[in-house]
Amino acid sequence: MKLTLKVWRQSKPDKVENGKLISGGGKMETYQVSDVSKDMSFLEMLDVLNEDLLRSGKEPIVFDHDCREGICGMCSMYINGQPHGPQQGTTTCQLHMRSFKDGDTIYIEPWRAKAFPVIKDLMVDRSAFDRIMQAGGYVSVNTGVTVDANEIPIAKSTADKAFDAATCIGCGACVAACKNASAMLFVSAKVSQLSMLPQGKTERKTRVENMVAQMDAEGFGACTNTGACSAECPKGISMEYIARMNREYYGAKLTSNNV
Amino acid sequence: MSASNPTISKKPNWFIQFFTSTIGRKLLVALTGLFLILFLAVHLIGNLQMILFDDGGKAFNEYAYFMGHNELIQIISVGNFFFIILHIIVSVVLTIYNRTARPTKYAYSKPSANSSFSSRNMIWLGSIVMIFLVLHLVNFWAKSKFGTVEQVTYDGKTMHNLYALVVFEFENPVIVGIYVVSMIGLSYHLLHGFQSVFQTLGINHVKYTPFIKTLGLIYSILVPLGFALIPILMYIKSLS
Ligand code: HEM
Ligand code: FES
């Protein structure tokens, strides 16, 4: 099939100064691709376009990708007005060209958020997520002898819920989809995953306080419960986790020793 | 890439931290919104006396007299004004803040694929309600507090004939039209707002959420509909 692609091209990176994003400037460029097979993945289609561009001496389109099997969360792309494209529950790398029709025009843009500055073309800097994790997204374990994996009993239902939260791959689609560029679905998944399990309970109050404070410091917006995040999440993380984080946060602010 | 990684340098007091955090500010919107939801229900029940009883407004006037002279109600009424203003200020500030979180817009975006119309337009739906509120307060509240309203006496007790004022206002089809349109705005505001309150409060549970959503849907349709029926029926009555 033949497609028209409108792709965001940006050569200079965005900068963040005093909490303001200074755009590196860029524009939507139009490309024609032909000989696209329905069985190609979206990224393979872009690989084909990039080879064409290279052959004609032009700069290839820069985009993030790594595993190409839906587990690393690198392939951040806003396709036809939706993060990871039109198909729900999949990452861009798992999106296949059969989701499109011959002759379609496809818009491809980077995630747009103050906290995700564009590095080049479709590649954004998602290190804000790493800093939120560093602020509290861990469990402190003193080293010693290896403990038996089943020593602490965990109810199956709790383990399942924690695991559902842990399926978050940190791709940032929630931020990209949200009209407020809020990171609440990501942060709530991480907070819940740790605080629901016995090992993570010890640090739960300080964790949620610090992670939310870092989330706010990064410049992500506030949640207004539109549900766009959960609808676009490739792992289908539920809004329940945001409610859970709200509870965790109220409780922590009221009862923790951090004044 | 950003050279300056945002860090939390100086931490204010925990209480300030909470109410300036994104979650804390949203909690203020939710709590004031919940109060307004309760207020609307009470307000509607009181007002429905105007169309339910064909008594020349006696029941309504006596009710309004009671509401205007009971001390507890007076305190709640001051709270009500305060909460409306707080709701507006916090939600407007939060909306502006949320806009700054995405300085560069998408060239092509399809929000209808993942979220409801109401949830994306709360600020505009709220603005319709706000314009209505100003008009409504000027029309009735200011007149009954500061203006001259004709008096009526029931069983030796003299009071404002607010019913007559309402009858007079709703003879004007323009005012009736504005009321009806505003109630449509309120209905959409509540369609998202009602269930959203509970999510913000941290209540999202398999056992309760389906009930909350259904109740929210019923409330968001019935309450504005009730409010809209009053001017419509009174206008129709004024024609005959
Ligand atoms: C009687 C009148 C009103 C009622 C009953 C009401 C009710 C609510 C409720 C229940 C919420 C949801 C809170 C939450 O999500 O946690 C809400 C949110 C909101 N309201 Fe109101 N409201 C009223 C008037 C107004 C007015 C006058 C404005 C002024 C602009 C306004 C603007 C907003 C905004 C911007 C939000 C947040 C939107 C969001 O979370 O997406 N509201 N309101
Ligand atoms: S490339 Fe790893 S999730 Fe898409």
Side-chain angles (χ1 to χ4, degrees), chain A residues 6 8 13-17 19-21 23 28 78 80-82 86 107 109 112-115 117-119 125 127-128 131 177 179-182 184 209 212-228 231-232 239-240 242-247 249-250 253 256 258-259, chain B residues 1-9 11 13-15 17-27 29-30 91 94-95 97-116 118-123 192-193 195-206 209:
Chain A
K6 296 196 181 278
W8 180 260
D14 292 349
K15 275 199 294 260
V16 181
E17 271 169 26
K20 279 214 157 50
L21 184 106
S23 169
M28 300 296 285
Y78 201 78
N80 271 356
Q82 284 176 272
Y107 285 77
E109 297 173 74
R112 295 290 187 198
K114 185 169 86 180
V118 173
I119 299 170
D125 176 3
S127 57
R131 290 188 292 273
K179 76 177 180 61
N180 313 316
S182 170
M184 294 267 288
E209 287 185 306
V212 169
Q214 188 65 38
M215 168 182 90
D216 288 353
E218 298 288 348
F220 292 106
C223 176
T224 61
N225 307 331
T226 68
E232 296 293 359
M239 294 271 290
E240 261 179 68
I242 297 184
R244 176 179 289 277
M245 178 168 73
N246 289 346
R247 292 200 296 275
Y249 188 67
Y250 303 146
K253 276 287 174 221
S256 82
N258 307 319
V259 284
Chain B
M1 245 185 279
S2 58
S4 57
N5 290 349
T7 44
I8 315 148
S9 45
K11 279 193 192 166
N13 159 297
W14 68 273
F15 190 77
Q17 263 181 54
F18 178 72
F19 283 107
T20 51
S21 72
T22 47
I23 298 182
R25 282 192 273 179
K26 190 61 205 291
L27 181 65
V29 180
S91 63
L94 208 52
T95 305
Y97 176 81
N98 285 342
R99 295 257 164 111
T100 65
R102 172 162 301 132
T104 320
K105 304 283 169 252
Y106 289 110
Y108 175 50
S109 190
K110 212 165 106 190
S112 60
N114 53 40
S115 53
S116 69
S118 294
S119 73
R120 282 177 274 121
N121 293 287
M122 289 298 273
I123 190 69
H192 175 68
Q195 50 87 34
S196 175
V197 166
F198 296 88
Q199 168 76 12
T200 305
L201 293 178
I203 303 166
N204 185 334
H205 193 279
V206 274
T209 302

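Numbers restart at 1 for each chain; the letters A, B, ... are given by sequence-line order, proteins then strands.
Listed by chain and residue number, nothing satisfies the side-chain hydrogen bond (donor to acceptor under 3.5 Å, both in side chains) test with B/S118 (two or more places apart in sequence, or in another chain). Among residues two or more places apart in sequence or in another chain, the salt bridge (Lys or Arg N to Asp or Glu O under 4.0 Å) test is passed with A/K253 by A/E209.
Between the side chains of B/T200 and A/N225, at least one donor N or O lies within less than 3.5 Å of an accepting N or O. Donor-acceptor pairing under 3.5 Å is lacking for the side chains of B/S21 and A/D216. For the 3.5 Å distance criterion, the side chains of A/E240 and B/N204 fail to qualify, holding no donor opposite an acceptor.
Proximity to chain B (any heavy atom under 4.5 Å) is restricted, for A/V212, to the side chain, taken from C-beta onward. For a residue to count as touching a neighbouring chain, one of its non-hydrogen atoms must lie under 4.5 Å from one of that chain's; by this rule A/F220 touches chain B with the backbone only. In this structure, the portions of A/M239 lying under 4.5 Å from any heavy atom of chain B include both its backbone and its side chain.
To the nearest 0.5 Å, atoms OH (A/Y78) and OH (B/Y108) are separated by 9.5 Å. Rounding to the nearest 0.5 Å places CD of A/Q82 at 5.0 Å from NZ of B/K110. In this structure, A/N180 CG and B/T22 OG1 are separated by 10.0 Å, a value rounded to the nearest 0.5 Å.
What you find for B/Q199 and A/N246 is that their closest heavy atoms are O-ND2, 3.3 Å. Across all non-hydrogen atoms, the minimal contact from A/E232 to B/A113 is OE2-CB, 4.5 Å.
With a 4.5 Å cut-off on side-chain heavy atoms, A/M245 and B/I23 count as touching. By the 4.5 Å heavy-atom criterion applied to side chains, B/K26 and A/T224 are counted as neighbours. Looking only at side-chain heavy atoms (C-beta outward), B/N13 and A/V259 stay at 4.5 Å or farther from each other.
The six-membered or imidazole ring of B/F18 lies near that of A/Y249, with a centre-to-centre distance under 6.0 Å.
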